[in-house]
Amino acid sequence: MHTQWIESTLLPRLEPRLRPAPVSDAALQRVPVEIDGRRVVLGLPVALLAGLGGLADAGTAAPASDPAELRSPAPGTLVRWVADDGASVAEGDPVAVLDAMKMETTVTAHRDGTLSHRAEISAMIAPDAGLAVIS
């Protein structure tokens, strides 16, 4: 066998395959589930969820945006709080550390105020999920 075998023998016998068109996200409802202790987000068709007692409409309403809420910049596991609960923080101060695939992300305060923790250490945090409130 030589390196040109793939180009000369194998590739001429393989027919090119078209990649299937992706399903539009508008037709899917994202539902987080836990499988074997791991959090997985499934995209399920809205029509499938419509028969389950209105769950399809549960995620379509936009969440109310609280300017005091500190949101996660990325998904991951909350490793530690850098600032204690009830501590006074300034804009830009490190507040928490998230870990995703051995890479740490420092979450900084988005405004001045008093920090109130809303997530527990070791919790799986979704992107844009509320971590704390700075009032």
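Both backbone and side-chain heavy atoms feed into the values below; hydrogens, waters and symmetry mates do not. Computed from a predicted structure; not experimentally measured.
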- Are the side chains of L131 and I125 in touch, meaning some heavy atoms are under 4.5 Å apart? yes
- What are the two closest heavy atoms between A100 and P75, and how far apart are they? CB-O, 3.5 Å
- Task: Looking only at non-hydrogen atoms, find the nearest pair between R118 and W81 and report the distance.
- Result: N-CZ2, 4.5 Å
- Note on the structure: Separation between OG1 (T114) and CG (D85), nearest 0.5 Å, reads 10.0 Å
- Apply side chain to side chain contact (heavy atoms under 4.5 Å, CB included) to I134 and V89, showing your working. CA-CA 8 Å; I134 300 177; V89 295; 4.0 Å; yes
- Interatomic distance, CG@D99 vs CZ@R80, rounded to 0.5 Å, equals 9.5 Å
- Message: Could you report the tightest heavy-atom contact between R39 and P32, atom names first, then the distance?
- Response: NH2-CB, 3.2 Å
- Task: List the atom of V95, the atom of L115, and the distance in Å for their closest heavy-atom pair.
- Result: CG1-CD2, 3.5 Å
- Within the side chain of H117, is there an N or O that forms a donor-acceptor pair under 3.5 Å with the backbone of G86? no
- Donor-acceptor under 3.5 Å (D112 side chain, E91 main chain): yes
- Message: For the backbone of A74 and the side chain of S72, can you confirm whether one donor and one acceptor N or O come within less than 3.5 Å of each other?
- Response: yes
- Verdict with supporting geometry, V107 and L70, side chain to side chain contact (heavy atoms under 4.5 Å, CB included): CA-CA 9 Å; V107 180; L70 176 65; 4.0 Å; yes
- Heavy-atom side-chain contact between L98 and L78 under 4.5 Å: yes
- Between R111 (side chain) and G92 (backbone), is there a donor-acceptor pair under 3.5 Å? no
- Item | H110 side chain to P67 backbone, donor-acceptor under 3.5 Å | yes
